Amino acid sequence: MMRILTSLSFSSAAILLVAFGGGQLVQACQHHGHDKQWTITPEELAEIRELERKWGTDWSFSGITTFAHLKHVKCLTTPSEKFDIAIVGAPFDTATSYRPGARFGPRAIRQASSRQTSFRGFNPRAGINPYASWATIIDCGDIPITPFDNAVALEQMSEAFVELGSRSAPLGEKGKGKGKLKPKLITLGGDHSLALPALRALKKVYGREVRVVHFDAHLDTWHPAKYPSAWPSTQSHFNHGSMFWLAGQEGLLSNSSSASNIHAGLRTRLSGTDPSDFVDDSSQNWLRISADDIDDLGGPAGVIAAIMDQFDLNDPDPDPVYLSIDIDVLDPAFAPGTGTPEPGGWTTRELIRILRGLVDVLNVVGADVVEVSPAYQGRGEETALAAAQVVYEVLTGMVKRGLKDGSSEEKVKGVVDKAHDEL
């Protein structure tokens with residue numbers, strides 16, 4: 001048995017052995033530049049299975065914290081790891097304009113996801129369990145971002161997102177994509193400025209502009225000069241209120257009048273004495289849906305319809321869409337743990353209903369959930385719990401759309417591998 005455990009953790013060995021049914025386990029030893037072949041006896045396999053049966057199941061409150069008890073891999077240092085969807089943390093908050101603390105957001109969201117498990121992950125609304133369907137979903141850990149130099153931090157995030165997003169997804173190798181499909185990243189923030197490096201990476205990976213559906217209380221398209229300062233600097237342009245302005249300047253976003261980007265949930269105050277911020281925003285090809293519009297449009301269904309009206313659902317080559325979800329789109333009653341809270345927002349239920357109407361249909365190639373600052377939330381973790389549920393809904397949509405596309409036809413599992421079960 002030690003022949004296996006010298007290169008694999010016991011849990012990993014058990015999972016692989018169950019998957020392959022014993023006999024021979026072949027592992028690529030890339031560090032030595034050759035393949036090494038392991039053989040085990042039926043007795044050893046039986047012992048591994050028995051130990052896995054006794055000790056391989058975690059409760060929601062046990063085990064090392066990852067998002068939804070997913071397998072954790074340091075993906076940035078493990079290029080051989082394949083995944084269809086990855087959870088990635090971006091613990092960065094030195095581009096905020098008010099309350100810092102979102103660097104602890106990824107940790108808080110993972111903790112709040114503890115009751116999400118493959119064993120009880122079935123989403124009755126969608127009719128699937130995203131953790132037990134076709135997709136290989138893992139937690140890639142955090143990008144180690146410097147807190148001392150925002151220029152370096154931006155470079156680190158940009159390079160990390162390109163590195164992870166450029167890899168071939170398992171379905172890209174085995175399914176209909178034949179090597180062309182790329183994995184999808186869901187980023188846990190961190191402040192909202194991380195959307196800029198994420199969009200840079202998507203432009204590089206997909207070779208085209210991306211459309212953004214942006215849930216937020218604020219525009220985040222402000223020209224950096226709208227932040228008054230007698231000490232201007234180019235680096236100060238990179239902040240969590242100007243990153244979409246920068247993205248537009250860099251040609252990362254759709255600039256077609258027939259393919260606008262969309263804000264939803266707005267209720268921010270504007271600069272100066274007139275609505276010129278809205279004029280600037282419109283000139284950058286954004287459509288605005290305010291928080292109040294949910295009442296005038298007839299509830300979440302009306303908001304969904306207003307957003308979907310901007311997309312051609314019959315397009316055989318649909319626009320890639322990036323979902324950017326600032327938790328402050330929610331009212332502070334539901335998400336007080338954030339850096340720039342604004343009263344008058346949506347409820348958690350309303351946001352989830354709206355997301356459910358979008359993620360199954362749109363060609364979502366990436367997403368973020370940002371601005372969770374756990375120091376300002378209550379003891380019940382309401383902000384992080386809302387963020388974790390949002391991630392679950394986005395994951396569900398990505399997986400369900402994959403089933404509709406047929407891209408997963410060679411990889412549908414049908415049942416949960418017992419080696420991955422948690423209570």
Side-chain angles (χ1 to χ4, degrees), residues 15 19 67-71 81-88 113 116-140 164-165 167-187 202 205-206 210-211 213 301 304 307-308 311-323 325 352-367 369 388-422:
I15 291 170
F67 189 88
H69 299 268
L70 292 168
K71 172 185 174 182
E81 189 69 29
K82 302 294 185 181
F83 52 87
D84 296 297
I85 304 171
I87 306 296
V88 183
S113 74
Q116 296 184 35
T117 66
S118 62
F119 184 78
R120 288 207 175 98
F122 182 79
N123 190 327
R125 182 274 308 176
I128 62 168
N129 180 340
Y131 302 122
S133 187
W134 61 268
T136 298
I137 309 173
I138 64 175
D139 189 329
C140 281
L164 296 175
R167 296 180 183 174
S168 293
L171 282 180
E173 296 182 329
K174 300 177 182 179
K176 288 176 67 177
K178 304 301 181 186
K180 295 181 181 180
L181 296 182
K182 297 299 180 184
K184 298 179 180 182
L185 307 180
I186 300 178
T187 306
L202 289 172
V205 169
Y206 288 91
V210 176
R211 296 182 67 181
V213 180
I304 294 168
I307 294 172
M308 296 305 297
F311 291 88
D312 180 1
L313 301 183
N314 297 315
D315 189 344
D317 184 23
D319 295 328
V321 175
Y322 184 75
L323 290 180
I325 305 162
I352 289 171
R353 286 291 301 274
I354 293 166
L355 288 171
R356 287 173 174 175
L358 304 178
V359 291
D360 293 2
V361 182
L362 298 178
N363 180 28
V364 177
V365 295
V369 181
Q389 184 67 26
V390 165
V391 174
Y392 171 71
E393 298 295 344
V394 173
L395 266 175
T396 298
M398 287 179 171
V399 174
K400 187 171 182 179
R401 192 175 193 279
L403 290 171
K404 291 178 180 178
D405 288 344
S407 59
S408 54
E409 59 189 10
E410 297 183 24
K411 203 181 171 189
V412 176
K413 293 180 180 178
V415 296
V416 181
D417 187 332
K418 180 65 179 73
H420 290 85
D421 283 358
E422 300 94 9

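Predicted, not measured: the structure shown is a model, and the values here were computed from it.
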Quick one, [X] and [Y] - any side-chain contact, counting heavy atoms below 4.5 Å?
X    : Y    : result
P130 : Y392 : yes
V213 : F311 : yes
R125 : T396 : yes
V210 : V321 : no
E81  : I138 : yes
L323 : I186 : no

Just by distance, do the side chain of [X] and the backbone of [Y] share a donor-acceptor pair under 3.5 Å?
X    : Y    : value
R167 : K82  : no
K182 : Y206 : no
W134 : G402 : no
D139 : F67  : yes
Q116 : H69  : no
K184 : V364 : yes
R211 : D319 : no

Compare every heavy atom of [Y] with every heavy atom of [X], then report the nearest pair and how far apart it is.
X    : Y    : answer
V394 : A367 : CG1-CB, 4.0 Å
V88  : C140 : CG2-CB, 4.1 Å
S168 : P183 : C-CD, 4.3 Å
I137 : Y131 : CD1-CD2, 4.4 Å
L185 : G165 : CD1-N, 4.2 Å
T136 : P170 : OG1-CG, 4.1 Å

With sequence neighbours left out, write down each residue that passes side-chain contact (heavy atoms from CB on, under 4.5 Å) with [X], or none if nothing qualifies.
X    : answer
I304 : M308, I354, L358
N314 : D312
F122 : P124, N129

Worksheet item: So, E393 and R353, do they make that salt bridge, N to O below 4.0 Å?
Response: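 Looking at E393 and R353, the cut-off is not met.
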
Rounded to the nearest 0.5 Å, how far does [atom2] of [Y] lie from [atom1] of [X]?
X    : Y    : atom1 : atom2 : answer
K400 : S133 : NZ    : OG    : 11.0 Å
L70  : S113 : CG    : OG    : 7.5 Å
I128 : D360 : CD1   : CG    : 7.5 Å

